[in-house]
Amino acid sequence: MKKFLSLFLLTAMVLTLPVFAHGHGGGHHGGGRSAGQSASVSVCPVTGCTLAGRHSHNGRTYCGYGHGNGVCAGTCHALCTVEGCTLAGPHSHNGETYCGYSHANGFCDGTCRALCPVEDCAIAGRHTHNGVTYCGYSHANGFCDGTCRALCPVEDCAIAGRHTHNGVTYCGYSHANGFCDGTCHALCTVAGCTVSGLHSHRGVTYCGVHHAGGFCEGICHTA
């Protein structure tokens, strides 16, 4: 009887151990997966560091570009430094991705597109030819950053700023360069308001400066 009980207990232990080990391993794996879900990193705070793009200091990952919001979402690329390269937009050399456009802020945020080179194409805004995305606006800096919109073509429409017709977004201001880059605001129409520059009423942003073109492009300042 004692031999039988000993054999029974030994068998039970052998059957139980793999289940315990599997459950422990699964919990460890799950914890590792959740820890690596975040794709955002901070802009590098190390004084004197000149490394571009993602890099690390003391085991922590940073981005070498000075993003306005202080966080890199992983879509930016270094501007291409390869001598003699004339490729436009995002492209790669030796497995590294670069951008061929000379962005004013010194890095590519991954949203730019080539201006449309297709002859006689009259499509405004972003569109595609043979699977490649282009922009139909002739931007002054030679690339499209993805924030532009067509000026509203709807007859008798008096809506100012960005608005939609049939699901398409337009701008109600007549910009001098023929497209809206998304930074404009309505001039303040609130009676008795004496606030200068950009300000808001009930959550809507206005500008208190009377611009000659009838709209504020978002970069003005009071004297």
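These numbers come from the heavy atoms of this one structure, side chains and all, not from hydrogens, waters or symmetry mates.
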Student: Locate the shortest heavy-atom distance separating V41 from T61; write the atom from each residue and the value.
Tutor: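 Taking V41 first and T61 second, the nearest heavy atoms are CB-O, 3.7 Å.
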Student: Return yes if some donor-acceptor pair links the side-chain N/O of Y101 with the main-chain N/O of A114 below 3.5 Å, else return no.
Tutor: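 Pair found, side chain donor or acceptor close to backbone of A114.
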Student: Looking at side-chain heavy atoms only, is the closest gap between Y62 and H57 below 4.5 Å?
Tutor: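 Y62 reaches H57 side chain to side chain.
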Student: Rounded to the nearest 0.5 Å, what separation is found between the CD1 atom of I159 and the SG atom of C171?
Tutor: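 Spacing of CD1 (I159) from SG (C171) equals 11.5 Å.
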Student: Return the set of residues passing ring pair (Phe, Tyr, Trp, His ring centres under 6.0 Å) with H163 (not counting sequence neighbours), or none when no residue passes.
Tutor: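 Expected list: H165.
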Student: State, to 0.1 Å, how close Y65 and L79 come at their nearest heavy-atom pair, and which atoms those are.
Tutor: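 Looks like OH-N, 4.3 Å.
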Student: Looking at every non-hydrogen atom in both residues, tell me the closest pair between F107 and C76 and how far apart they are.
Tutor: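 Scanning both residues, the minimum pair turns out to be CD1-CB, 3.8 Å.
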Student: Can you tell me how far SG of C99 sits from CG of L87, rounded to the nearest 0.5 angstrom?
Tutor: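 Interatomic distance, L87 CG to C99 SG, rounded to 0.5 Å: 10.5 Å.
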Student: Taking the ring centre of each residue, are Y206 and H201 less than 6.0 Å apart?
Tutor: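 So the answer is yes for these two rings.
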Student: side-chain contact (heavy atoms from CB on, under 4.5 Å) for H55 and C63? Distances and angles first, verdict last.
Tutor: CA-CA 6 Å; H55 61 279; C63 181; over 6 Å; no
Student: Could you state the interatomic distance from CD (E96) to NE2 (H91), rounded to the nearest 0.5 Å?
Tutor: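 So the CD of E96 and the NE2 of H91 are separated by 11.5 Å.
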Student: Any side-chain heavy-atom pair from C144 and C112 closer than 4.5 angstrom?
Tutor: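 C144 does not reach C112 side chain to side chain.
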Student: For V71, give me all partners under side-chain contact (heavy atoms from CB on, under 4.5 Å), at least two apart in sequence or on another chain.
Tutor: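 side-chain contact (heavy atoms from CB on, under 4.5 Å) list for V71, sorted by chain: S40, N69.
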Student: With clusters built from Ile, Leu, Val, Met, Phe, Trp and Tyr whose side-chain heavy atoms come within less than 4.5 Å, directly or transitively, what are the remaining members of the cluster of Y134, listed by chain and number?
Tutor: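 V132, which link up through side-chain heavy atoms under 4.5 Å apart, make up the rest of the cluster.
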Student: Could you pull out all residues at least two apart from V82 that satisfy side-chain contact (heavy atoms from CB on, under 4.5 Å)?
Tutor: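 By the side-chain contact (heavy atoms from CB on, under 4.5 Å) rule, V82 matches C80, C85, H93.
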